[in-house]
Amino acid sequence: MKPGYIHAVAALCFRDNMLIYSERVSEADLRNRFDPSRLLRTEINTLLGLMLKTPIDWTLPSPEVLGEYVAASDQLLQELHHAMSGAFSLGEALAALKRGEHVNPFDSGNAMREPIYYAAESAYNFQYVDLAAQRYAADADWLQAHVGFTIAQACSVAEAADRVLMDRFPDFMIALRKSPLDQWSMLPAFCVTPTEVGAYASLEPALVERVLLKFTVPDGDMNPRFAALQDFNQITATPLLRSPSGEFVSLQNYALAEAIYDSPFYWMQDDKRYRPNRDRHRGEFTENFVAGRLAAVFGADRVFANIDIWEGKTKVAEIDVLVLWADRAIVVQAKAKRLTVEGRKGNDQIIRDDFKKSVQDTYDQGLTCAECLGDSRYRFTRADCSEIDLPYVTEIFMFCVVSDHYPALSFQARQFLKTREVPHLRAALVTDVFLIDVLTELLSTPLQFLSFIARRTRYADRLLAAQELTILAYHLKHNLWMEDTTAMLHLAEDFTAGLDIAMTVRRRGLAGDATPQGFMTRFEGKTLGRIVRQIETQPEPAVLEQGFQLLEMNGAAFDNLSRIIDRQARRAAQDGKPHDVTMMFDDGSGFTVVCSGESDSVVAPKLASYCTHRKYRQKANRWFGLCLTPGDARLRFGLRLSDPWKQDDALDMATANMIEPTSMDIAYKRAFRGGRMHPKVGRNDPCPCGSGRKYKKCCIDK
């Protein structure tokens, strides 16, 4: 390795990992994070792993030599990328398709090496820190006895080291600019001492040093196992370096956070007596964490952990976590397994074997559980043997969750997962605990959560993204929706900028938007948005599905409908009469909103009758109704008609003269530009409500 090369790596880390902003971070500040020329953490780790092959030379090279090192590193990694990309030949794949052959170029483990190596990070660094403290909480006694600290203490050290570097950086840059050019180096910006970290963490320097040393490359370690690109690299397990002056060098704080999450598991490997406890704790963490995050959305009384399924006296399956909301269910099966080092190397059989143990087995277990839901032959019991009273379930979502970063997980699931259809079961979401954490943070109500999951699984075969976070980020800004004519939608990673900011704002107090501007913020200040908020908390199938429809509306239609409802609510308050609006959705269903001060016993039959006739008239399989209060337009109740349409002579007569509903655009123009909302109805004409009576004997005074 060239003399002083570590200064070049420090320059690369500063260039590609440092976020610089003024008072509030914006998406524009993150734009360089998605530049294709930016080095990923795996690439920087490769440079560091190669550097460890010889003793580190800490001398500072001249600015010219330093520039040559940086340019040569970029060139080397670009050549590496081209070499790995060569395993996939688009030309050969297209030629095979022309010959009528069914070819999947990613069936080759060699072709999988690239997406695995360049996989997007599935977790934020603060997630690793926060979750590590929970993951190893049950192992605290063993850790204290064998390594001299707990993981909660290690997390405090990592957080403090991060703050030390951030607080020091502005002064460091000012001092650097005043220094002679031949003394410029970014390396000191990444150095910390136990004393200063201890002051930030309120921990004794001796304890801080024990933690830092445990995550520091041991003296004399030449990284002997790192002989090929995806071999074990010592820098991933011990990402810190020790300088000749005794300072600890943390070139990538993310790497330290990930090591704290991953490495303690392997520290316990040699203790055969303790290993069963370690494995049990690891599995319990995964299940408990997922259950806890889902309970934050659906409520603890709707989330059940470790559910046994019985047929008679025989236990046939177990659900790790079960969520019941209205007529929807979520079945979660969790695994604490990961992609092995041999799998990362591109070994076909190992990749498939790792996937089977981590995902396929989990999916198969979930299928068995889903088949039992709704079947009267089976009983579902809690840990205390008490039975769960299951509602009628119309839709089941299945999550296969792993507890570690699994490179290219969604991509591998697309390639390798063997699926089978089960009634009411939607496509499985194969993911990790980190996505569950983000989903429940940003989609914090049952309606928002289920609406996104329903669409994510609906479009499972037509959505392509490097990671699930990208799809969620797109939804938060633009409302995930695909036309039937769209064969494939590919989302670039730069969509995640707003989500990255929002999570850091929420979890670490960064100055910025806690919710990305777009779809999720369009409800603010709008009546229909407030109605959606009311629907969000009600576990009633009728209003839940109506909420799904409202959330799928585009922004303009949502805003216009909100204004029309405002108008009808004001009219109902002014004249004391019911006022309504009806519209159709693109999928052929429709809904009617009535603003009325009449009692439930009076208005409910009227709304049901009108919706029944309107559903029949439009030949719709689903129709929804909402009743709102006059004036403030608050939700009173809702209804759903979902019987398949079939011809009926009586309804043909009753609906023969019903007025056709107008489009949202026309309804809006009529409401706010002086047009008539409904064609004039004569006294002796059939009443437009569909009752079959004359207008003068029915709704003329309403």
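These numbers come from the heavy atoms of this one structure, side chains and all, not from hydrogens, waters or symmetry mates.
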4.5 Å side-chain heavy-atom contact, F304 and I388: yes
Side chain proximity check, T496 to I471, heavy atoms < 4.5 angstrom: no
Does [X], at its [atom1] atom, have more than 12 non-hydrogen atoms belonging to other residues, nucleotides or ligands within less than 6.0 Å?
X: R31; atom1: CZ; result: no
X: E421; atom1: CD; result: no
X: K53; atom1: NZ; result: yes
X: D484; atom1: CG; result: no

What heavy-atom pair brings [X] and [Y] nearest, and what distance separates the two atoms?
X: I260; Y: A158; value: CD1-CB, 3.5 Å
X: S122; Y: L469; value: O-CD1, 4.0 Å
X: R379; Y: G312; value: NH2-O, 3.0 Å
X: V303; Y: A291; value: CG1-O, 3.7 Å
X: N223; Y: F232; value: OD1-O, 4.1 Å
X: A473; Y: F495; value: CB-O, 3.3 Å

V433 vs V402, side-chain contact (heavy atoms from CB on, under 4.5 Å): CA-CA, chis, key distance, verdict: CA-CA 6 Å; V433 292; V402 297; over 6 Å; no
Judged by atom type as modelled, is there a donor-acceptor pair below 3.5 Å linking the side chain of [X] to the main-chain atoms of [Y]?
X: R426; Y: I396; value: no
X: T236; Y: N233; value: yes
X: D320; Y: A334; value: yes
X: S358; Y: F355; value: no
X: D130; Y: A133; value: no
X: E43; Y: L40; value: yes
X: Q234; Y: G49; value: no
X: T486; Y: M482; value: no
X: T362; Y: K335; value: no

Derivation of the ring pair (Phe, Tyr, Trp, His ring centres under 6.0 Å) call for F215 and W267: CA-CA 12 Å; F215 292 98; W267 301 345; 5.4 Å; yes
Do the side chains of [X] and [Y] get close enough for a salt bridge, i.e. N-O under 4.0 angstrom?
X: D271; Y: R273; answer: no
X: R41; Y: D16; answer: no
X: D231; Y: R225; answer: no
X: K357; Y: D361; answer: no

Check whether the ring centres of [X] and [Y] lie less than 6.0 Å apart, and answer yes or no.
X: Y128; Y: Y254; result: yes
X: F265; Y: W142; result: no
X: F416; Y: Y363; result: no

Ring-face cation of R507 near Y124 (centre distance under 6.0 Å, axis angle within 45°):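 Output no; distance or angle outside limits.
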Face-on cation placement of R135 at Y261 ring, 6.0 Å and 45° thresholds: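 Judged by the rule, R135 and Y261 form a cation-pi pair.
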Could you state the interatomic distance from [atom1] ([X]) to [atom2] ([Y]), rounded to the nearest 0.5 Å?
X: I116; Y: Y406; atom1: CD1; atom2: OH; result: 8.0 Å
X: L491; Y: L464; atom1: CG; atom2: CG; result: 8.5 Å
X: F449; Y: L443; atom1: CZ; atom2: CG; result: 7.0 Å
X: L39; Y: N45; atom1: CG; atom2: CG; result: 11.5 Å
X: N32; Y: D494; atom1: CG; atom2: CG; result: 12.0 Å
X: L551; Y: E536; atom1: CG; atom2: CD; result: 7.0 Å

Steps toward side-chain contact (heavy atoms from CB on, under 4.5 Å) verdict (F298, L450): CA-CA 10 Å; F298 295 94; L450 291 173; 4.0 Å; yes
Derivation of the side-chain hydrogen bond (donor to acceptor under 3.5 Å, both in side chains) call for T46 and Y117: CA-CA 10 Å; T46 298; Y117 182 78; 2.6 Å; yes
All pairs passing salt bridge (charged side-chain N to carboxylate O under 4.0 Å, His left out) where residues 286-295 contributes a residue, at least two apart: R293-D437, R293-E441
Pairs satisfying salt bridge (charged side-chain N to carboxylate O under 4.0 Å, His left out), at least one member in residues 451-471, at least two apart: R455-E552, R456-E468, R458-E552
Sequence-distant partners of F452, ring-ring contact (aromatic ring centres under 6.0 Å, His included), two or more places apart: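 Partners of F452 under the ring-ring contact (aromatic ring centres under 6.0 Å, His included) test: H475.
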Partner residues of H81 under the ring-ring contact (aromatic ring centres under 6.0 Å, His included) criterion, sequence neighbours left out: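 Once residues adjacent in sequence are excluded, the partners of H81 under the ring-ring contact (aromatic ring centres under 6.0 Å, His included) criterion are Y118.
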S444 vs Q448, side-chain hydrogen bond (donor to acceptor under 3.5 Å, both in side chains): CA-CA, chis, key distance, verdict: CA-CA 7 Å; S444 57; Q448 294 284 1; over 6 Å; no
Modelled atom types, side-chain donor and acceptor of Q75 and E79, under 3.5 Å: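 On atom types as modelled, these side chains qualify, holding a pair under 3.5 Å.
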Pair T515-R506, side-chain donor/acceptor within less than 3.5 Å: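 There is such a pair between these side chains.
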Counterpart residues, side chain to side chain donor-acceptor pair (under 3.5 Å), relative to Y459 (two or more places apart): none
Q252/N17 under side-chain contact (heavy atoms from CB on, under 4.5 Å): CA gap, chis, key distance, verdict: CA-CA 8 Å; Q252 299 192 93; N17 291 338; 3.4 Å; yes
Salt bridge (charged side-chain N to carboxylate O under 4.0 Å, His left out) between R420 and E371, worked out: CA-CA 11 Å; R420 179 166 55 85; E371 288 177 314; 2.8 Å; yes
E27: side chain to side chain contact (heavy atoms under 4.5 Å, CB included) partners, not counting sequence neighbours: K477, A497, I501
side-chain contact (heavy atoms from CB on, under 4.5 Å) evaluation trace for I319 with V332: CA-CA 7 Å; I319 301 176; V332 180; 5.9 Å; no
Candidates D139, N277, D404 - the one meeting side-chain hydrogen bond (donor to acceptor under 3.5 Å, both in side chains) with R282: D404
